[in-house]
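See structure below.
Protein chains get the first letters and strands the later ones, always in sequence-line order, with residue 1 at the start of each. Both backbone and side-chain heavy atoms feed into the values below; hydrogens, waters and symmetry mates do not.
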Amino acid sequence: MVYNTLSREKEHFIPLHAPFVGMYACGPTVYSEPHLGNCRSFVMYDLMVRYLTHLGFKVRYLRNITDAGHVESTSGETGDRIGKQARLEQVEPMEIVQKYTVKFHWIMDLLNCLPPSIEPTATGHIVEQIEMTKTILANGYAYETDEAIYFDVEKFSKDYPYTQLSGRNLEELLNNTRELGGQSSKKGRLDFALMIKAKPEHIMRWPSPWGDVYPGWHIECSAMSTKYLGKTFDIHCGGMDLIPTHHTNEIAQSIACNHTTPVKYWLHPNMLTVNGQKMSKSLGNAFLPVELFEGTHPLLDKGYSPMTVRFSMLQAHYRSTLDFSNDALKAAEKGYKRLMSAMNLLKGITVSDTVNADEEAAVNKILLGVYEGMNNDFNAAQAIAELNEAATIINTWNDKQNKKASIQAFTLSRLQQTYRAFLIDIFGLQEETENDNSKLSGVMDLVIDIRKDARGKKDFATSDKIRDALQSVGIQLKDSKDGTTWEGN
RNA sequence: GGUCGGAUGGCCGAGUGGCUAGGCAAGGCUCUGCAAAAGCUUUUACAGCGGUUCGAAUCCGCUUCCGACCUCCA
């Protein structure tokens, strides 16, 4: 079951051409570093792709890179953000694109997001976008002015539903003019540019039947999704803030061009908030992933690892807003470790001679529950709750039952496989090896050994001195039956 | 102003009308030379007021508060 923004209901997910699934996600505009809110969306798409793949679907996952400037259309004045940033940094636009594309990939990698099957760029598909514009013109849903080729929303809305996705009232949209003083050559307020005629100083430009142009924002997604996924495909994702404008216009363009509804299921992750307010570049409250990993943001009192961040995102359902805070991250850090530790302990569990009916039933309930959670519109939070129940059972086996589980061997092996599949394959969590500094770990081995000797001799003054001194520099010793380990931060 | 969506225990957060989600924090216990760490365990919350129902956190209405979109944003 997936929640479809188009119908505003949960629907059974039935691909058009099972087992193949076509999925398109709106990717980043590479004019600056992606912030955490952007990252949340990408992690959620990644979750969807991973789960569908786990279920056996063959997913073709497209995530575009917008590397040609968006248009700021309020006043009709055209400017593009990549060009703007390029002037600011005094470099070529393509240098900006390259710089932030590399950065984006690096962050996706840290967060363990799988690369898409195809990552098309807007500039690599100018020809397709021009062709599409031509067709829309020929079909009568666009017009040319001396500034741009505009999509004619009023004309389109007479023939097709325009506001289906957003649920807005068209009349009000048209009348709620709140007029812009600009001298735009647009006919209608809602009209948007398919192609913009490049002014002489504009660096990014391509020849077209209408002179040198560069593309408007919406046309690239329509052109590229059509090219690689077909005129109609299964899933289109994007942030909720894209619904009323970007996705609405995407649908309109595709219909005006292909005369068919482009997408079967629209899935929209919600916003990430900070103190209840949407995180966004324009509000200036954006966290950069690096600030989070290093703990350099003023609102944080320490750094949090990429997997902690990923886990905190998985704990909330994708259509809910998620509030980011120090406390929430701290809780996520511990919760993440708890599950990973249970997964590792589970490897060492074997079955006992007897089968306890209650244990058997509890484990079977969990094995069903995790899938129920994910089948319920990718509700990872629900699945995590089940895995936590399992963690308690696993810890009890480990501590109190001599690493023996009183369940059937078949059930245990299913639990082991499922637990791992959910954490590693579906949630995309991975072990974090922090203690990779070999010099430090050599020193720590020595220190721990000295302390062990001191404790053996009941020289607790020395052993406590070591423990406390390490604590004060941020290294924590953890004593257990199997020896002492340490954790630094 | 218009449209849409929220309000859940100390915090974060699931909840598909009936069977105390879960995590974190806190208390208790186990372990430990003492701690820490780790583990087990305890704590019955759903903004307010009405209504529908045998039964509502869940459905309906009103009120209050918050947010998103309407202008670039995932």
Side-chain angles (χ1 to χ4, degrees), chain A residues 1 8 10 25-29 31-32 34-45 69-75 79-81 163 166-169 172-173 175-176 178 180 190 217 237-246 268-273 276-283 286 311-312 315-317 319-339 341 345 369 372-373 376-377 379-389 391-392 394-396 398-400 455 458 460 463-464 467-468 471 476-481 484-487:
Chain A
M1 296 284 278
R8 289 161 194 282
K10 281 188 195 174
C26 286
T29 304
Y31 71 103
S32 69
H35 64 67
L36 223 53
N38 304 121
C39 291
R40 181 192 185 197
S41 293
F42 297 125
V43 167
M44 292 301 113
Y45 312 148
H70 285 184
V71 181
E72 294 162 35
S73 57
T74 329
S75 55
D80 88 72
R81 298 189 307 197
T163 55
S166 65
R168 293 276 160 79
N169 182 324
E172 277 166 9
L173 281 180
N175 296 334
N176 184 11
R178 189 165 83 169
L180 21 106
L190 297 172
W217 177 29
C237 304
M240 262 182 194
D241 48 356
L242 300 182
I243 295 171
T245 309
H246 182 52
H268 290 103
N270 211 321
M271 300 293 108
L272 189 71
T273 58
Q277 269 222 320
K278 173 186 173 181
M279 181 182 288
S280 80
K281 287 172 186 170
S282 44
L283 282 174
F311 186 74
S312 75
Q315 275 185 305
H317 187 253
R319 273 189 297 108
S320 304
T321 55
L322 171 63
D323 203 58
F324 241 57
S325 68
N326 224 6
D327 288 347
L329 284 165
K330 260 185 206 154
E333 186 170 53
K334 296 201 100 173
Y336 158 69
K337 284 183 180 165
R338 176 178 151 87
L339 288 186
S341 140
L345 289 176
E372 275 171 14
N376 181 18
D377 196 23
N379 196 329
Q382 215 175 316
I384 286 173
E386 297 288 341
L387 294 180
N388 266 310
E389 303 244 13
T392 301
I394 292 164
N395 288 330
T396 303
N398 188 63
D399 293 346
K400 297 192 178 157
R455 292 179 75 199
K458 298 207 185 298
F460 297 124
S463 71
D464 288 355
R467 180 220 286 159
D468 298 343
Q471 183 77 49
Q476 187 179 43
L477 293 180
K478 297 180 178 181
D479 294 327
S480 76
K481 281 173 193 153
T484 301
T485 57
W486 61 278
E487 196 166 279

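With a 3.5 Å ceiling on both atom-pair distances, G17(B) lacks any Watson-Crick or G-U wobble partner. Base pairing of A26(B) is made with U42(B), judged by Watson-Crick or G-U wobble geometry with both donor-acceptor distances under 3.5 Å. Look at A56(B): it lacks any Watson-Crick or wobble partner with both distances under 3.5 angstrom. The partner of A35(B) cannot be assigned: no Watson-Crick or G-U wobble pair with both contacts below 3.5 Å exists in any strand. The partner of G61(B), taking Watson-Crick or G-U wobble pairs whose two distances both stay under 3.5 Å, is C49(B). C69(B): Watson-Crick or G-U partner is G2(B), with both key distances under 3.5 Å. Here G9(B) sits opposite no nucleotide as a Watson-Crick or G-U wobble pair (both hydrogen-bonding atom distances under 3.5 Å).
In terms of position on RNA chain B, the residue among Asn388(A) and Leu477(A) whose nearest nucleotide sits closer to the 5' end is Asn388(A). For Asp327(A) and Ala391(A), each mapped to the nucleotide of RNA chain B holding its nearest heavy atom, the one lying further toward the 5' end belongs to Asp327(A).
Comparing C46(B) with U52(B), their P atoms sit 22 Å apart, to the nearest whole Å. Between G48(B) and G10(B), the distance separating the two P atoms is 13 Å to the nearest Å. The P atoms of C62(B) and A21(B) are separated by 30 Å, rounded to the nearest whole Å. Taking atom P on both A47(B) and A7(B), the two are 7 Å apart, rounded to the nearest angstrom. Nucleotides U42(B) and G1(B) have their P atoms positioned 49 Å apart, rounded to a whole Å. Spacing between G17(B) and G50(B) at atom P, rounded to whole Å, works out to 25 Å. Between U20(B) and U58(B), the two C1' atoms lie 16 Å apart (nearest whole Å).
Residue Arg467(A) places no side-chain atom within donor-acceptor reach of the base of A36(B), judged by atom type and a 3.5 Å distance cut-off alone. Judged by atom type and distance alone, Arg338(A) does not reach the base of G23(B) through any side-chain donor-acceptor pair under 3.5 Å. In terms of polar N and O atoms assigned as donor or acceptor, the side chain of Asn270(A) never comes within less than 3.5 Å of the base of A68(B) in a complementary pairing. Evaluation of atom-type donor-acceptor distances gives a pair under 3.5 Å for the side chain of Asp464(A) against the base of G33(B).
A salt bridge links Asp241(A) with Lys278(A): the closest approach of a Lys/Arg side-chain nitrogen to an acidic carboxylate oxygen falls below 4.0 angstrom. A salt bridge links Asp479(A) and Arg455(A); the closest N-O separation between the charged side-chain nitrogens and carboxylate oxygens is under 4.0 Å. A salt bridge between Lys337(A) and Glu487(A) is present, with a side-chain N of the basic residue lying under 4.0 Å from a carboxylate O of the acidic one.
Side-chain contact check for Asn376(A) and Lys10(A): at least one donor-acceptor pair (N or O, by modelled atom type) lies under 3.5 Å.
How far CG of Leu272(A) is from OG1 of Thr321(A): 9.0 Å, rounded to the nearest 0.5 Å.
Considering only side-chain N and O atoms, Asn379(A) lies nowhere under 4.0 angstrom from the phosphate OP1 or OP2 of A14(B). The phosphate of G23(B) has neither OP1 nor OP2 within less than 4.0 Å of any side-chain N or O from Lys330(A). In terms of phosphate contacts, Thr392(A) brings a side-chain nitrogen or oxygen within less than 4.0 Å of OP1 or OP2 of C40(B). Note on Ser320(A): a side-chain N or O is less than 4.0 Å away from OP1 or OP2 of A14(B).
Using a 4.5 Å heavy-atom threshold, the side chains of Ile384(A) and Leu339(A) count as touching. Side-chain contact check for Lys281(A) versus His35(A): some heavy-atom pair is nearer than 4.5 Å.
Among the heavy atoms of the strands lying under 4.0 Å from Ala316(A) are primed sugar atoms or P, OP1, OP2 only; no base atom is included. Across all strands, Phe42(A) comes closer than 4.0 Å to no nucleic acid atom at all (heavy-atom distances). Within 4.0 Å of Glu386(A), counting heavy atoms only, lies no atom of the nucleic acid at all.
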